[in-house]
Amino acid sequence: PGKRRIPLYIEPTVKMEEVDGEELVKKFAEEMEGMLGRKMKSVKRLAEAAEDADLYHEFNATLEFDYYNSMLINSVDKDGNAIELGGEFPLEENEHFNKLQVNTLQSDIQVPTNVYNKDPGILNGVYMSEALNDVFMDNFQKDPTLTWQYFGSATGFFRLYPGIAWTPDENGVVTFDCRNRNWYIQAATSPKDIIIVVDVSGSMKGLRLTIAKHTINTILDTLGENDFVNVIAYSDYVQYVEPCFKGTLVQADLDNREHFKLLVEELQVKGEGKVKKAMKESFKILNEVCGSLCNQAIMLITDGAMEDYEEVFQEFNWPERRVRVFTYLIGREVTFADTVKWIACNNKGYYTHVSTLADVQENVMEYLHVLSRPMVINHDHDIIWTEAYMDSAAQSLLLMTSVAMPVFSKKKETLSHGILLGVVGTDVPLRELMRLAPRYKLGVHGYAFLNTNNGYILAHPDLRPLYKEGKKLKPKPNYNSVDLAEVEWEDTDETLRTAMVKGETGTLSLDVRATVEKGVRCYNLCPSTGLCSITTKPGCYNLFSSTGLNDLMQPDVSIANEWTYCETDIDPHHRKLTQLQAVFRYLTGKEPDLECDEELLRQTLFDAVVTAPMEAYWTALMLNPSGMDEGVETAFLGTRSGLMRVTRYVGIEKRVAKKFLSPSDKENIFTMDHFPVWYRRAAEYPAGKFLYYIPKEDTRGRDYFLSAPPHTVVIVFLNKLNSNTKGRDYFLSAPTQIQSPWQPPCLATASSDRQRAPLSRRCPEWHPIPYVVHYFCPGFTESHRE
């Protein structure tokens, strides 16, 4: 009583059934839409709460309010007293948040170093946004899979839930500014076309040119993949910083932005500044090209304008004023301030005076507020999703995507002014999205991938975003701008890429190469192979969980802990459970509310029952002193359901391959991204042949040759009961003594004389299912090949 029974069926004839790839993809898409829809609802609740809190808050210029500053929490002075804006802030390690020290009952505030943390605007904003604490916790209760939730204020502070202690850089500086993050910029503005026009005349020499270059780079940093840009320099004549982009706009992706920055650094001053020609050229480009729904602007960076430029605006921009003009007056000289300000104000732009390098950041950000005004006035709460990025807020190297939404002022007296209060959002780890495309459904060589509407990869098995510098892992410079065509390079005509960017649904056949062993080897995969799975229907007899559970809980058995047999992230009490513990508690009725994949559980229980004789056979060999050849360290098998059986014949102290099959040996165990490398190699190996595999990590720099220990011997055998398998992914592997024809070692009990029990005692019907049996033999020599 209380135990959960999952019927398992075996029928005499197991048949092969081709998987419908299109239906599989549709199902994955529907599940992802459901998951992402829950994140969007959480963000909408945050936006509504923030707008309501602002509506009823009256600005108080003399407000005094202590809050938890994430840089100062739990800090004390020399007398042991809590410092101002610090105070006691309980933190504890949390599995759900990458084992970081967090406070799930409270959010805290991060303020950039260049922003005064007790400015009246900061204090009023922090006080107003206290109302979000309850919404943060309520969202987390409704959707426990949520990770970080936050509110980035237009004044510069960042409210993060759960609260953490923020770590500054080695100089004690916090450079993180939420207003510079892609999720903030994309949510605050719609896609835009930007032309940056910079004065490189003789008067711009020295510090002025340095400030101008920094201003250009800062503007470029506010652009994303949905924006388009070009940079024009002018003096006596007009020059494109990149001649190849003459007369057009290019996508503001990371590669193009970095390319522009390199070219901007090479700019030199000379001649006399004639802005009229540069403005004409800019308007011509914007009139001919409309790359981003025609939300267009010109950024004019100069130390003064002396020409008669009014006729340019009359010809190209008035009276509609479709193109906004933002002006940045560089240097301490204010002689031309009125002129430069007139240009901006008469073209629906914004004027700023940038006299020092420290002024650049704050002044550049002002243009975002202006471009957001139409959205604010129309109250367009557009929800955006970002490209993949590293989670720097949590100081980890996890790839994330963010969903974000703008927050507007709803006060009647400011509604017509279009005031942006900030942006709310939450992060979604891409690993969580990929869990919705489980490995056991994709097969040994199948894989799923995601890309953005711009063709850039969000998740792909061949996306390697990190590199090693010394002992530290660091993100590659272009880790989030890898195009699909760079990994699916067999798609020479970009048919696949084009279809995905356009959001089409369908099927496509490609001959592809799948890499294994970190790219050391690759396999040619033909579309005719297809995806196949075993289907079982009622017949013969039933196996219930009580039988399979006993075999599953044996000490030699493990399952893929990165796979989702049961969802342990929903209930906080389940987060410390391993997948095997969760399965056990679910099947025994101790945790009936766990959400488990019953199809995967059936396969796993079936595999546990059918492979149980191997444990008895290997144990018998261990008990019999003459039963196992000298030098054999480990016997193991793996199944498609992620189940592994491992028997060690040598203790850890004497084992040559100490790392092999350990949790840190990612290449040789089942992970969320791939089957073990030995499984993948064996799956493509001819039936009835020996496969000699030398793990690269264990060669310790030695040459590759068969007599060099250690290595793995993999013996593949195809059961002949079903001639329809044709050697594809369905095979058995035999121990070293192969009889002809070999029969599965189904033992009633483990015995020292290794006598095999009749097949019918344990295996009434034996079927060709995807098992791979391996022996790890560090003492293998050339003479053993026979």
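Values in this document were obtained by computation on a predicted structure and should not be read as measured data.
- With Tyr328 as reference, Ile219 is the one residue of Leu300, Thr302, Ile219, Asp359 to meet the side-chain contact (heavy atoms from CB on, under 4.5 Å) rule.
- The 12-atom threshold is not exceeded at OH of Tyr127, counting heavy atoms of other residues, nucleotides or ligands nearer than 6.0 Å.
- For the salt bridge (charged side-chain N to carboxylate O under 4.0 Å, His left out) test, residues two or more places apart in sequence or in another chain that qualify with Arg179 are Asp177, Glu362.
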*Please test Met279 against Val325 for side-chain contact (heavy atoms from CB on, under 4.5 Å), starting from the C-alpha separation and ending with a verdict.*
CA-CA 10 Å; Met279 296 300 288; Val325 181; 4.2 Å; yes
*Decide side-chain hydrogen bond (donor to acceptor under 3.5 Å, both in side chains) for Glu310 and Asn346; before the verdict, give the C-alpha distance in whole Å, the side-chain angles of both, and the deciding distance to 0.1 Å.*
CA-CA 10 Å; Glu310 187 172 337; Asn346 283 276; over 6 Å; no
*Would you check, one step at a time, whether the test side-chain contact (heavy atoms from CB on, under 4.5 Å) holds for Asn451 with His460?*
CA-CA 8 Å; Asn451 61 270; His460 193 286; over 6 Å; no
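- Within the structure, salt bridge (charged side-chain N to carboxylate O under 4.0 Å, His left out) contacts touching residues 32-46 (residues at least two apart or in different chains) are Lys39-Asp143.
- For the residue pair Asn454 / Thr452, no side-chain donor-acceptor distance below 3.5 Å is found, with atom types taken as modelled.
- A search for side chain to side chain contact (heavy atoms under 4.5 Å, CB included) contacts involving Ala29 returns nothing, not counting sequence neighbours.
- For NZ of Lys476, the number of neighbouring non-hydrogen atoms (other residues, nucleotides, ligands) closer than 6.0 Å is greater than 12.
- When the side-chain hydrogen bond (donor to acceptor under 3.5 Å, both in side chains) test is applied to Asn363, no partner is found at least two apart in sequence or on another chain.
- A donor-acceptor contact shorter than 3.5 Å links the side chain of Asp119 to the backbone of Gly121.
- A salt bridge between Lys261 and Glu258 is present, with a side-chain N of the basic residue lying under 4.0 Å from a carboxylate O of the acidic one.
- For His259, there are no ring pair (Phe, Tyr, Trp, His ring centres under 6.0 Å) partners, not counting sequence neighbours.
- Scanning both residues, Asp199 and Gly304, for their nearest heavy atoms gives OD2-O, 4.2 Å.
- Here Tyr350 pairs with nothing under the ring pair (Phe, Tyr, Trp, His ring centres under 6.0 Å) rule; sequence neighbours left out.
- Summarising the geometry, atom CD1 belonging to Ile185 is positioned 12.5 Å from atom CG belonging to Asn226; distances are rounded to the nearest 0.5 Å.
- The CH2 atom of Trp342 sits 12.5 Å away from atom CG of Asp338, with the distance rounded to the nearest 0.5 Å.
- Applying the side chain to side chain donor-acceptor pair (under 3.5 Å) test between Arg322 and each of Asn295, Asn347, Asn287 identifies Asn287 as the sole match.
- No hydrogens or angles considered: nothing links the side chains of Asn182 and Glu225 as a donor-acceptor pair under 3.5 Å.
- Remark: the backbone N or O of His57 is paired with a side-chain donor or acceptor of Lys411 at under 3.5 angstrom.
- Ser107 places no side-chain N or O within 3.5 Å of a backbone atom of Arg159 that could act as its donor or acceptor partner.
- Aromatic pair Tyr150/Trp183: ring centres closer than 6.0 Å.
- One N or O on the side chain of Asn230 and one on the backbone of Thr248 form a donor-acceptor pair closer than 3.5 Å.
- Other residues, nucleotides and ligands place more than 12 heavy atoms under 6.0 Å from the NZ atom of Lys213.
- Atom OH of Tyr456 is separated from atom CD of Glu387 by 9.5 Å, given to the nearest 0.5 angstrom.
- Of the possible polar contacts, none joining the Asp193 side chain to the Asp227 backbone as a donor-acceptor pair under 3.5 Å is found.
- A 6.0 Å sphere centred on CZ of Arg321 holds more than 12 heavy atoms belonging to other residues, nucleotides or ligands.
- Every residue two or more places apart in sequence or in another chain was checked for a salt bridge (charged side-chain N to carboxylate O under 4.0 Å, His left out) with Asp255, and none qualifies.
- If you take CG on Asn453 and NZ on Lys502, they are separated by 14.0 Å, rounding to the nearest 0.5 Å.
- Checked against Thr189 for a side-chain contact (heavy atoms from CB on, under 4.5 Å), the options Leu223, Thr222, Leu371 give a single hit: Leu371.
- To the nearest 0.5 Å, atoms CG (Leu254) and CZ (Arg257) are separated by 5.0 Å.
- Listed by chain and number, the residues in a side chain to side chain contact (heavy atoms under 4.5 Å, CB included) with Pro465 are Met390, Leu399, Leu463, Tyr479 (sequence neighbours excluded).
- Remark: side-chain polar atoms of Ser42 are not paired, donor with acceptor, to backbone N or O of Asn139 under 3.5 angstrom.
- Contacts of Ser153 classified as side chain to side chain contact (heavy atoms under 4.5 Å, CB included), with partners at least two apart in sequence or in another chain: Phe151, Thr155, Phe157.
- Annotation for Ala50 and Leu132: closest pair N-CD2, 3.8 Å, computed over non-hydrogen atoms.
- Using a 30° and 60° split on the angle between ring planes, Tyr367 and Phe326 fall in the perpendicular class, above 60°.
- Rounded to the nearest 0.5 Å, atoms CD (Glu488) and OG1 (Thr495) are 12.5 Å apart.
- Judged purely by atom type and a 3.5 angstrom limit, Glu333 uses its side chain to pair as donor or acceptor with the backbone of Thr335.
- At distances below 3.5 Å, not a single donor-acceptor pair connects side-chain atoms of Lys205 with backbone N or O atoms of Val269.
- Checked against side chain to side chain contact (heavy atoms under 4.5 Å, CB included), His214 has the following partners two or more places apart in sequence or in another chain: Thr218, Leu357, Val360.
- When each of Phe260, Tyr240, Phe228 is checked for a ring-ring contact (aromatic ring centres under 6.0 Å, His included) with Phe245, only Phe260 meets the rule.
- Evaluation of the salt bridge (charged side-chain N to carboxylate O under 4.0 Å, His left out) rule for Arg497 yields Asp483 as partners, not counting sequence neighbours.
- Residues that satisfy the salt bridge (charged side-chain N to carboxylate O under 4.0 Å, His left out) test with Arg208, not counting sequence neighbours, are Asp303.
- A salt bridge does not link Asp236 to Lys277: none of the charged nitrogens lies less than 4.0 Å from a carboxylate oxygen.
- Looking only at distances, no side-chain donor or acceptor of Thr401 sits under 3.5 Å from a matching main-chain atom of Ala388.
- Only one option out of Trp148, Tyr184, Tyr389 pairs with Ser402 in a side chain to side chain donor-acceptor pair (under 3.5 Å); it is Tyr389.
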_Applying side-chain contact (heavy atoms from CB on, under 4.5 Å) to Glu281 and Tyr234, what does each step give before you reach the verdict?_
CA-CA 11 Å; Glu281 184 71 15; Tyr234 73 90; over 6 Å; no
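- A donor-acceptor pair under 3.5 Å links the side-chain atoms of Glu51 to the main chain of Phe408, judged by distance alone.
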